[in-house]
Amino acid sequence: MQVVISSTENALKLESLLSNDYRSSLKYSNQRVLDEHVASRALLQKVLIEFYGISYLPEIITLKSGKPCFKEARYPFFNLSNSGKYLALAIGGSEVGVDIEFERKRHNLEGLIKRVCSNKEQSFLLSLDETNMLHEFTRLWTVKECLVKTTGKGLVDVEMLYIDPIENTSGYYNLPSSNQICSTSLNTPFTDKLAYLSFSCNKNTEDGYEFFYLDEEKTLVKTENIKVEKTYENYSLRDFIK
């Protein structure tokens, strides 16, 4: 599978790969949201051409949960995320999820952690100093989003989402144990500020994952400089309930 990072600005340079009326067919009143949508689809089209030899953008449908996917099963699985001025795309032969999130200062971070995190997550995060607490909170947020986005089921029940940040294990509604969540941080030259990226992949496949970024010349550049920092092994939630 491929994981691709791009600025919205660079991805918009690929708009000519889409049909001439693609932008005009969309009904967005917000220019930023419109540009993000067009950029994400143009980046997806570029990746399909480069890695799958598909010279057109297949029909995309949206599931009830809001997750987009190709209508026909013969096409690869993909997932998209955006944060700030950047996009992330994961694409491969099995169900995928991806989330990118820029780190930002939060008022009363400890209070926020106590409201939105499980007891295990709280125990881990509140044991850290302020700087690392913010780092790992942002990372965990992307892991949670990635779990939910992989299934395409939405956040059915927050109690059915399990993350152990110490043992690096995870589980979520209907997500196979063959999946794992990989997480890393991003900074210059891939993003202009510190961001965290998490994506899911099937650990039983032989192709693994590769990182690419789209440069200013509209070229997909493979990079070995993005390294996975944490891997969360996924388990069936039934194993945790026992």
Side-chain angles (χ1 to χ4, degrees), residues 1-8 36 40 43 65-68 77-92 95-106 109 112-113 115-118 120-122 124-126 128 131-156 158 160-173 175 179-188 190-203 209-213 223 225-235:
M1 66 174 287
Q2 293 82 32
V3 181
V4 184
I5 309 298
S6 173
S7 68
T8 302
E36 286 174 353
S40 68
L43 181 63
S65 64
K67 182 176 183 177
F77 295 89
F78 73 92
N79 198 226
L80 289 151
S81 179
N82 68 277
S83 182
K85 300 180 291 182
Y86 289 84
L87 304 168
L89 164 67
I91 187 166
E95 198 66 76
V96 295
V98 67
D99 192 65
I100 184 172
E101 193 79 33
F102 277 90
E103 183 176 279
R104 57 187 175 89
K105 291 185 177 180
R106 296 176 182 269
L109 178 58
L112 177 61
I113 288 171
R115 288 198 306 275
V116 303
C117 293
S118 69
K120 281 194 174 183
E121 292 163 4
Q122 289 181 39
F124 169 70
L125 292 171
L126 296 177
L128 304 175
T131 299
N132 285 312
M133 188 187 305
L134 182 56
H135 290 340
E136 294 306 318
F137 173 80
T138 309
R139 183 196 303 279
L140 279 175
W141 193 266
T142 67
V143 173
K144 288 172 182 280
E145 288 286 337
C146 187
L147 284 166
V148 172
K149 292 178 69 179
T150 301
T151 65
K153 302 293 183 181
L155 190 55
V156 177
V158 70
M160 295 296 286
L161 193 157
Y162 174 92
I163 299 174
D164 186 329
I166 299 174
E167 297 295 330
N168 291 338
T169 56
S170 65
Y172 183 58
Y173 177 80
L175 187 64
N179 279 75
Q180 61 184 7
I181 308 297
C182 300
S183 180
T184 190
S185 57
L186 300 170
N187 209 331
T188 306
F190 308 107
T191 54
D192 56 355
K193 294 182 290 186
L194 178 61
Y196 285 86
L197 172 78
S198 292
F199 62 95
S200 64
C201 61
N202 190 321
K203 61 188 177 185
Y209 49 80
E210 300 174 309
F211 292 106
F212 294 82
Y213 68 93
T223 177
N225 293 327
I226 300 177
K227 304 292 185 183
V228 169
E229 296 166 346
K230 284 193 175 185
T231 300
Y232 298 80
E233 295 297 326
N234 194 68
Y235 294 92

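FYI, side chains are in, hydrogens and waters are out, and symmetry mates aren't considered; it's all heavy atoms of this structure. In this chain, numbering begins with 1 at the start of the sequence shown.
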message: Rounded to the nearest 0.5 Å, what separates atom CG in Leu125 from atom CG in Leu134?
response: 10.0 Å
field: Heavy-atom check, side chain of Tyr196 versus side chain of Leu140, under 4.5 Å
entry: no
query: Out of Ser183, Ser81, Ser198, Cys182, which residue meets the side-chain contact (heavy atoms from CB on, under 4.5 Å) rule with Cys146?
result: Ser198
- request: Please tell me if the side chains of Thr223 and Ile5 come closer than 4.5 Å, counting only heavy atoms from C-beta onward.
  value: no
- prompt: Does the ring centre of Phe211 sit less than 6.0 Å away from the ring centre of Phe199?
  reply: yes
- request: Check whether any side-chain N or O of Ser6 sits under 3.5 Å from a backbone N or O of Leu87 as a donor-acceptor pair, and report yes or no.
  value: no
- prompt: Is there a donor-acceptor pair closer than 3.5 Å between any side-chain N or O of Lys67 and the backbone N or O of Thr151?
  reply: no
field: Reference residue Ser200; test side-chain hydrogen bond (donor to acceptor under 3.5 Å, both in side chains); the match among Asp99, Asn79, Thr150
entry: Thr150
task: Would you check if the distance from the ring center of Tyr235 to the ring center of Tyr162 is below 6.0 Å?
output: no
message: If we ignore hydrogens and angles and just use 3.5 Å, is the side chain of Lys85 paired with the main-chain N or O of Ser7 as donor and acceptor?
response: no
message: Regarding Lys203 and Glu233, does a basic nitrogen lie under 4.0 Å from an acidic carboxylate oxygen?
response: yes
query: Can you check salt bridge (charged side-chain N to carboxylate O under 4.0 Å, His left out) on Lys144 and Glu101, steps first, answer last?
result: CA-CA 12 Å; Lys144 288 172 182 280; Glu101 193 79 33; over 6 Å; no
message: If you define the side chain from C-beta out and look only at heavy atoms, does anything of Asn179 sit under 4.5 Å from Tyr172?
response: no
- prompt: Just by distance, do the side chain of Gln2 and the backbone of Phe212 share a donor-acceptor pair under 3.5 Å?
  reply: no
